[in-house]
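Within every chain, numbering begins at 1; the chains are lettered A, B, ... in the order of the sequence lines, protein sequences first and strands thereafter.
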Amino acid sequence: MATYQLLHDWNVTPAEAVALQQQLRHQIQIQPLTKPVETIAGCDISFNKFEETVYAGIVVLRLETLEVIEEVGVISSATFPYIPGLLSFREIPSLLEAWSKLKTEPDVVMFDGQGIAHPRRIGIASHGGLFLNRPTFGCAKSVLVGKYDEPAPERGNWTPMRHYGEVIGAALRTKNKVNPVYVSPGHLIDLETAISLTLQCDGGRRGYGYRIPEPTRLTHNLVNALRRGERSPD
DNA sequence: GCGACAG
DNA sequence: ATCTTGTCGC
């Protein structure tokens, strides 16, 4: 079973959450990978509007072939509300429950959200990286903070996202003439590597291609099936 | 003060 | 995030 470090309690108020982020942000390390990546995991949650029950899941893939190595899902509950800038406090607790069920120890984890492309430089991917103590990065479908110039329309092109003068991520085109995804390092990885991994996880390199990279796309399908009762938490 | 605002 | 069919464009 995969393990993680519980760096702090999750039962906090929004104000306490912000204080924790200010404290934790200094522990985040943006650097090149120290080990080659063989497996990559995607994680996501799903839920019915107005309900506290959440369906969390993680899918582990072999980077080279994008074949699924393992899938885990859990039905849990989230009490913390969705507040822009505090997404990790709503999603990470249940994702950690799913993580505990993994037999495999993913080399790197892709999150559905931001890494350091966050007002306090600690989005869900960075926060999760500290708990998991391994390389993580975010691949979001929309922007939280930062500005960027539109990247060229062909797959593979990207432009830097800037916030207060700092390069915090990239607007990356994963498919021709389709809206870009927003990639940013989470922890123990750098922007260039996060971009490279995102492109390697995109089926586009093999003909069939979706805007959302496979780890996140497949996990999204998994948790939605769980929510609809089309699959069980095994 | 006004508007923006990951999922 | 979720609720949902058709439809415009390449």
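Here A/Gly85 lies in heavy-atom contact (under 4.0 Å) with a base. Base engagement by A/Leu86 is indicated by at least one non-hydrogen atom pair under 4.0 Å involving a base atom. The residue A/Val143 sits close only to the backbone: its heavy atoms come under 4.0 Å of sugar-phosphate atoms, none of a base.
Atom pair A/Tyr55:OH and C/dT2:P shows a separation of 11 Å (rounding to whole Å applied). The nearest whole Å value for the distance from the CG atom in A/Leu95 to the C1' atom in B/dA6 is 14 Å. The CD1 atom of A/Ile124 sits 12 Å away from the P atom of C/dA1 (whole-angstrom rounding). If you take CG of A/Leu226 and P of C/dA1, they are 16 Å apart, rounded to a whole angstrom. Going from atom CE of A/Met110 over to atom P of B/dG7 covers 14 Å, rounded to whole Å. If you take CZ of A/Arg228 and C1' of C/dC3, they are 11 Å apart, rounded to a whole angstrom. A straight line from OH of A/Tyr182 to C1' of B/dC5 spans 14 Å, rounded to a whole angstrom. Here B/dG7 presents its C1' atom at 12 Å from CD1 of A/Ile212, a figure rounded to the nearest Å.
In this structure, A/Asn224 does not reach the C/dA1 phosphate: none of its side-chain N or O atoms is under 4.0 Å from OP1 or OP2. Within the 4.0 Å cut-off from OP1 or OP2 of B/dA6, at least one side-chain nitrogen or oxygen of A/Tyr82 is found. Contact check, A/Arg227 against C/dC3: a side-chain N or O comes under 4.0 Å of OP1 or OP2. Applying the 4.0 Å criterion to OP1 and OP2 of B/dA6, one finds that A/Ser88 has every side-chain N and O outside that range.
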List the steps and the verdict of ring pair (Phe, Tyr, Trp, His ring centres under 6.0 Å) for A/Trp10 and A/Phe89. CA-CA 7 Å; A/Trp10 288 106; A/Phe89 289 85; 5.4 Å; yes
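Remark: A/Glu71 does not engage A/Lys101 in a salt bridge, criterion side-chain N to carboxylate O under 4.0 Å.
Within the cation-pi definition used here (under 6.0 Å to the ring centroid, within 45° of the axis), A/Arg217 qualifies as a partner of A/Tyr210. Under the 6.0 Å distance and 45° angle rule, A/Arg90 counts as a cation-pi partner of A/Phe47.
Contact check of residues 42-52 of chain A against DNA chain C (heavy atom, cut-off under 4.0 Å) returns A/Ser46, A/Phe47, A/Lys49.
Taking the side chain of A/Lys177 as heavy atoms from C-beta on, and the options C/dC10, B/dC5, C/dA1, the nearest nucleotide is C/dC10. Nearest nucleotide to the A/His220 side chain, out of C/dC3, B/dG7, C/dA1: C/dA1.
Note on A/Ile122 and A/Phe80: same hydrophobic cluster, where clusters join Ile, Leu, Val, Met, Phe, Trp and Tyr whose side-chain heavy atoms are under 4.5 Å apart, directly or indirectly.
Across all non-hydrogen atoms, the minimal contact from A/Val68 to A/Val59 is CG1-CG1, 4.0 Å.
From A/Asp112, atom CG reaches atom CD1 of A/Ile45 across 9.5 Å, with rounding to the nearest 0.5 Å.
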